[in-house]
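Computed from heavy atoms alone, side chains included, the values below leave out hydrogens, waters and symmetry copies. Throughout, protein chains are lettered first and strands after them, A, B, ... in sequence-line order, and every chain is numbered starting at 1.
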There are 2 protein chains.
Amino acid sequence: MNTDDKPSSNEPKTQQERVYMQLREAILRGKFEPGHSVTLRGIAEMLGVSLMPVRESLRRLTTERALQLLNNRRITVPMMTPEKLEELYQARVSLESYAASRAIQNIDPEALSYLYEVNEKHTQSILEDNVEDYIYLNFEFHRELYRYGRCEVVMPLIESLWLQIAPFMRMVHSQYLTESRFNEAEDKHKAMLTAIEKNNPAQLKYLIHDDILDGVRRLQAAMGWPISS
Amino acid sequence: MNTDDKPSSNEPKTQQERVYMQLREAILRGKFEPGHSVTLRGIAEMLGVSLMPVRESLRRLTTERALQLLNNRRITVPMMTPEKLEELYQARVSLESYAASRAIQNIDPEALSYLYEVNEKHTQSILEDNVEDYIYLNFEFHRELYRYGRCEVVMPLIESLWLQIAPFMRMVHSQYLTESRFNEAEDKHKAMLTAIEKNNPAQLKYLIHDDILDGVRRLQAAMGWPISS
DNA sequence: ATTACGGCATTGTGATCACATGTTGTGCTG
DNA sequence: CAGCACAACATGTGATCACAATGCCGTAAT
């Protein structure tokens with residue numbers, strides 16, 4: 001009798017969903033190298049499942065532009081170009097600023113403390129030189145923040161953008177290390193939490209813009225590209 | 001020898017691609033009714049193909065949020081809510097303004113004349129009460145405009161948003177008829193083309209915002225929802 | 001008349017095979 | 001040694017079957 005209109009449950013029921021989540025997390029951890037090709041049978045063997053769940057998962061990921069389906073029927077991790085990076089930057093700023101401005105009014109003390117906790121782990125990952133944790137926890141912090149904006153339309157778009165830049169976050173990280181060691185005073189995430197506590201949406205949006213731009217600048221530097229305005 | 005790195009060719013080679021394009025166009029024509037369920041075998045029988053291409057196509061469309069996969073394993077056309085509409089509005093304005101501002105500098109006279117042509121057909125569809133053409137040609141005009149922005153990242157996001165509102169454009173259209181007949185002076189698309197000719201990005205962005213907002217308002221009215229600011 | 005139960009039909013998912021296409025390696029030829 | 005033809009392999013796509021889960025509907029008990 002339970003018609004159960006909810007779009008989907010949280011715990012994956014199908015293998016396809018599990019495979020998708022695993023691949024997704026792997027991408028968001030920077031485990032996928034740009035330009036490398038991904039094969040159905042390779043993934044299937046790696047995860048110990050048959051081809052079908054992998055097929056559907058990769059179809060999802062190509063739709064989200066996390067992977068690319070060349071017309072030689074080969075699936076690869078897309079490369080980056082200066083033009084794509086510029087677009088990713090603009091789109092992230094627009095959508096994430098919006099998500100943040102919606103979230104700021106719904107963040108209660110409990111949520112805030114959890115954000116502090118995530119950021120603490122993020123900081124730890126930097127000190128420990130754990131690159132994959134660094135990449136993943138950065139996204140996790142942003143996701144946890146925007147979560148309270150309840151953006152059921154915008155959030156999937158943002159996550160699609162994340163999947164597209166994630167493979168290049170290793171370069172951002174390495175650039176991080178070469179140019180300057182982690183500085184507590186420059187903890188942009190912590191500044192965001194302060195802006196939230198002071199209920200200052202404008203400041204929060206500025207910090208998000210700055211945070212995203214910072215990553216873009218590092219990636220441009222690591223790629224040897226000219227730094228945009 | 002041709003490695004052919006281009007992401008995909010224009011002409012669909014696989015059945016899955018053909019099925020996807022057909023379903024996509026059907027959605028962008030308003031042929032899919034909100035709340036209705038879509039079945040694999042139903043589509044397969046309708047299009048005369050087997051289950052596999054349909055499976056992959058529907059997986060793509062659910063990823064783009066054009067369709068919804070309930071946890072009863074049923075695929076349906078999503079309903080609209082005031083909150084979703086608000087998000088769709090904000091996201092469309094942000095992304096389409098950006099796409100337009102990028103496009104305006106690349107539109108040559110030839111492109112402009114084609115845009116006039118598309119808009120002419122769009123106007124025709126209104127006068128002929130051809131609802132599906134009206135819905136589709138509206139998107140087609142915007143797509144053709146943004147095309148010259150060469151937004152390979154942002155464009156897929158915009159199209160995802162279009163797929164989500166398309167099923168509700170019939171209501172926008174009917175509201176169009178009830179409140180006021182088509183007025184040549186109110187042809188927003190023509191005003192956009194004028195803004196392009198005068199090379200006025202700010203005006204173009206304003207007109208796009210206004211055009212999108214106009215549709216949102218009509219939908220809100222048709223749904224009996226309060227009109228947002 | 002209403003509700004609960006049970007059997008049947010429908011539906012998405014998973015598995016397996018066949019196949020067209022593209023890739024790679026190898027040996028022949030100039 | 002370079003260039004090319006051809007075979008062997010790898011890979012995504014399509015088709016078909018099996019199956020568990022879900023929905024649907026008629027029947028019967030209260």
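Between B/R55 atom CZ and D/dT16 atom C1' the separation is 11 Å, expressed in whole Å. Regarding A/E45, its CD atom lies at a distance of 13 Å from the P atom of D/dG12, rounded to whole Å. For the pair B/E17 CD and C/dT21 P, the computed distance is 17 Å after rounding to whole Å. Between the CG atom of B/L67 and the P atom of C/dG12 there is a distance of 11 Å, rounded to whole Å. Rounded to a whole Å, the NZ atom of A/K13 is 14 Å from the C1' atom of C/dT11. Atoms CD (B/Q15) and C1' (C/dC19) sit 13 Å apart, rounded to a whole Å. For A/M52 and C/dG12, the CE to P distance is 13 Å, given to the nearest whole Å. Rounding to whole angstrom units, CD1 of residue B/I43 and C1' of C/dT10 are separated by 15 Å.
Of the two residues near DNA chain C, A/S50 and B/V38, the one whose nearest nucleotide lies more 5' is B/V38.
In this structure, the nucleotide among D/dG12, D/dA15, C/dG14 sitting nearest to the side chain of A/L40 is D/dG12. Nearest to the side-chain atoms of B/L69 among the listed nucleotides D/dT13, C/dT13, D/dG14 stands C/dT13. Between C/dG14, C/dG12, D/dG14, one nucleotide has an atom nearer to the side chain of B/T39 than all others, and that is C/dG12. For A/R74, whose side chain is taken as the heavy atoms from C-beta onward, the closest listed nucleotide among C/dT23, C/dG14, D/dG14 is C/dT23. Side-chain atoms of A/R41 lie closest to C/dA18 of the nucleotides C/dA18, C/dG14, D/dG14.
For B/R59, a side-chain nitrogen or oxygen approaches OP1 or OP2 of C/dT13 to under 4.0 Å. The phosphate of C/dT21 has neither OP1 nor OP2 within less than 4.0 Å of any side-chain N or O from A/N72.
Taking the charged nitrogens against the carboxylate oxygens, A/R147 and A/E144 do have a contact shorter than 4.0 Å, which makes a salt bridge. Look at B/K31 and B/E132 and you find a salt bridge, because one of the NZ, NE, NH1 or NH2 atoms lies within 4.0 Å of a carboxylate O, short of that distance. For A/E17 and A/R60, the salt-bridge test passes: some basic side-chain N is under 4.0 Å from an acidic carboxylate O.
Judged by distance alone with a 3.5 Å cut-off, no donor-acceptor contact links the side chain of B/R73 to the base of D/dG23.
Between B/H36 and B/F32, the distance separating the two ring centers is not shorter than 6.0 angstrom.
Aromatic ring pairs are classed by plane angle as parallel below 30°, tilted from 30° to 60° and perpendicular above 60°; the pair B/Y134 and B/H173 is tilted.
Within the nucleic acid shown, A/E56 has no heavy atom closer than 4.0 Å to any nucleic acid atom.
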